[in-house]
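Scroll down for the structure; my scribbles are underneath it.
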Amino acid sequence: MDTAAIAALRNRPVPAGAHVIDGARRGASDGAVLDVVSPIDGRVLTTIPKGTAEDAGAAVAAARRAFDDGRWSGLAPAARKAVLLRWADLIRAHADELAVLGVRDNGTEITMAYKAEPLSAEATIRYYAEAIDKLSGEVAPTAPGTLGLVHREPAGVVAAIVPWNFPLMIGAWKIGPALAAGCTMVVKPAETASLTLLRLAELALEAGLPAGVLNVVTGEGPVVGAALAASMQVDVLAFTGSGATGRKLLEAAARSNLKRVYLELGGKSPNIVFADAPDLDEAARVSAAGIFRNSGQVCIAGSRLLVERGIHDAFVAKLATAAAAMQVGDPLDPATQAGAVNSEPQLARVLAFVDEARAAGRRIVTGGQRILAETGGTYMAPTIVAGVAQDDRIVREEVFGPVLTVQAFDTEDEAVALANGTDYGLAAAVWTASLSRAHRMVGRIRAGVVHVNTYGGSDLTVPLGGVGQSGNGSDKSLHAFDKYLNLKTAWIKL
Ligand code: ADP
């Protein structure tokens with residue numbers, strides 16, 4: 001990260017965004033735009049097209065043509081790889097620009113955004129590019145006289161609907177394997193974080209990705225996203241966002257062409273600290289980062305602390321100290337540890353959870369309020385709420401803000417019951433020095449990833465996906481290819 005470049009980029013005027021459809025920049029069919037409000041200071045940064053159903057249709061038609069004529073899927077895998085690697089190089093070359101643009105759009109602190117956005121997108125595109133020509137089909141163990149071949153074919157047109165917290169990273173988790181598999185795409189970024197994905201698509205064209213292979217359409221979820229979900233021409237829908245939207249997407253798939261729908265719907269992830277944790281100071285420091293970085297706007301955020309009763313008070317005190325010491329504010333300051341909450345409505349939603357807990361007599365250990373209002377930006381103090389009950393809304397529902405709840409437990413069984421006591425199942429962590437307990441807990445916790453003696457930080461080699469109402473299907477790792485490939489059998493009598 002070049003701090004001088006970041007300082008130079010922070011006030012650069014941002015030209016109006018444009019859809020990328022069939023290789024060209026376009027406005028909305030009716031010319032409408034949405035203001036892009038920066039959560040750093042509440043000012044309008046630029047505009048993006050307020051896409052119409054017609055725009056979504058044009059993008060799907062372009063992706064359909066590009067898939068059906070084989071301009072991408074028909075290339076040799078090594079040729080697709082070469083284009084994607086050039087694209088990864090361009091993403092790296094534009095990392096400062098992409099990182100700052102993204103931070104001005106969504107408010108994530110730059111130290112996290114730089115790694116999690118351009119660098120992670122680059123690594124993801126590179127990972128799947130490198131894998132393309134290492135995937136083979138199968139020869140089935142059939143009886144003599146027959147030959148059973150299992151081919152893996154690209155699934156067709158993929159629509160990806162992406163949230164605002166990490167548009168490049170989460171976008172690339174879907175774009176990387178889908179394009180590498182030979183699919184074509186329409187990506188719908190979130191209203192409040194579209195700018196970097198638009199730029200990413202422009203860089204793809206510069207890298208030589210054929211027109212129509214990757215289209216990006218901005219606008220409102222219930223208009224553009226809903227049109228993609230209802231399309232008869234989309235074969236696979238990959239989504240990260242809220243459970244409420246996920247349900248609508250499944251309905252739309254059922255009402256239209258039964259497209260495959262993969263959902264990552266967030267979590268309410270338990271972070272379980274046993275008294276025998278190897279280093280409680282380290283556990284407190286990492287746990288604070290695990291909930292408060294990016295102001296808690298992380299799908300896998302460790303938002304529920306479960307702590308063994310014997311160390312409850314001491315551990316909560318350590319965490320409160322760590323939380324209060326976190327530098328919250330201007331996300332483009334490299335010293336900042338938690339930037340802005342994404343938008344005014346999101347901040348209001350998060351504060352409403354805390355107000356409800358306060359009104360119910362729960363203990364606000366630290367934080368609990370908006371800060372730095374004089375900047376015009378949307379900032380919130382890292383907040384810890386103790387004395388909560390399992391039925392509290394703040395314990396059961398995803399807050400998606402810098403809010404940690406704390407519950408005490410006495411036994412391993414009780415920890416498991418609390419951990420599994422929500423509808424979600426995305427991530428978890430266990431802090432213990434006992435190898436046996438660690439493995440037992442990994443087995444017993446219902447989640448897509450269970451961290452042991454750490455929180456977060458996994459890489460591309462392992463899958464990330466939810467169980468329960470956290471969704472289905474995984475991003476990352478070679479398993480992600482399965483979502484964007486169909487199996488086809490050739491059964492041959494010899
Ligand atoms: P959140 O904003 O809480 O992350 P959302 O599910 O509202 O979750 O948003 C995630 C993505 O889904 C965004 O790109 C948004 O525009 C899109 N979206 C919202 N509502 C719909 C909808 N009815 N149909 C399709 N996409 C939607």
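We count ligands from 1, going down the list as the structure has it; atoms in each ligand are counted the same way. Being a predicted model, the structure only gives us computed values, none of them experimental.
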Next item on the list: Flag this pair as yes if the NZ/CZ of Lys268 is under 6.0 angstrom from the six-membered ring centre of Tyr424 and inside a 45 degree cone about the axis; otherwise no.
Entry: no

Item checked: Cation over ring face, Arg393 and Phe353, 6.0 Å, 45° -> yes

Next item on the list: Go through the steps to decide whether Arg370 and Leu347 satisfy the test side-chain contact (heavy atoms from CB on, under 4.5 Å), and finish with yes or no.
Entry: CA-CA 8 Å; Arg370 180 178 193 154; Leu347 179 57; 3.6 Å; yes

Pairs under 3.5 Å, N/O atoms on ligand 1 and on the protein: can you put them in a table with the distances?
unit_1, atom_1, unit_2, atom_2, d
ligand 1, 2 (O), Trp164, NE1, 3.2
ligand 1, 6 (O), Ser242, N, 3.0
ligand 1, 6 (O), Ser242, OG, 2.7
ligand 1, 6 (O), Thr245, OG1, 2.7
ligand 1, 8 (O), Ser242, N, 3.4
ligand 1, 14 (O), Val162, O, 2.8
ligand 1, 14 (O), Lys188, NZ, 3.3
ligand 1, 16 (O), Lys188, NZ, 2.7
ligand 1, 16 (O), Glu191, OE1, 2.7
ligand 1, 16 (O), Glu191, OE2, 3.3
ligand 1, 16 (O), Gly221, N, 3.4
ligand 1, 24 (N), Gly221, O, 3.4

Margin query: With a 4.0 Å cut-off on N to O distance, would you call Asp69 and Arg65 a salt bridge?
Written below: no

Note to self: I'd like to know if Glu191 and Lys50 make a salt bridge, using a cut-off of under 4.0 Å between side-chain N and carboxylate O.
What the structure shows: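 Lys50 and Glu191: not salt-bridged.
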
Item checked: Residue pair Arg12, Glu97: steps toward the side-chain contact (heavy atoms from CB on, under 4.5 Å) verdict -> CA-CA 10 Å; Arg12 193 161 95 169; Glu97 174 203 333; 4.0 Å; yes

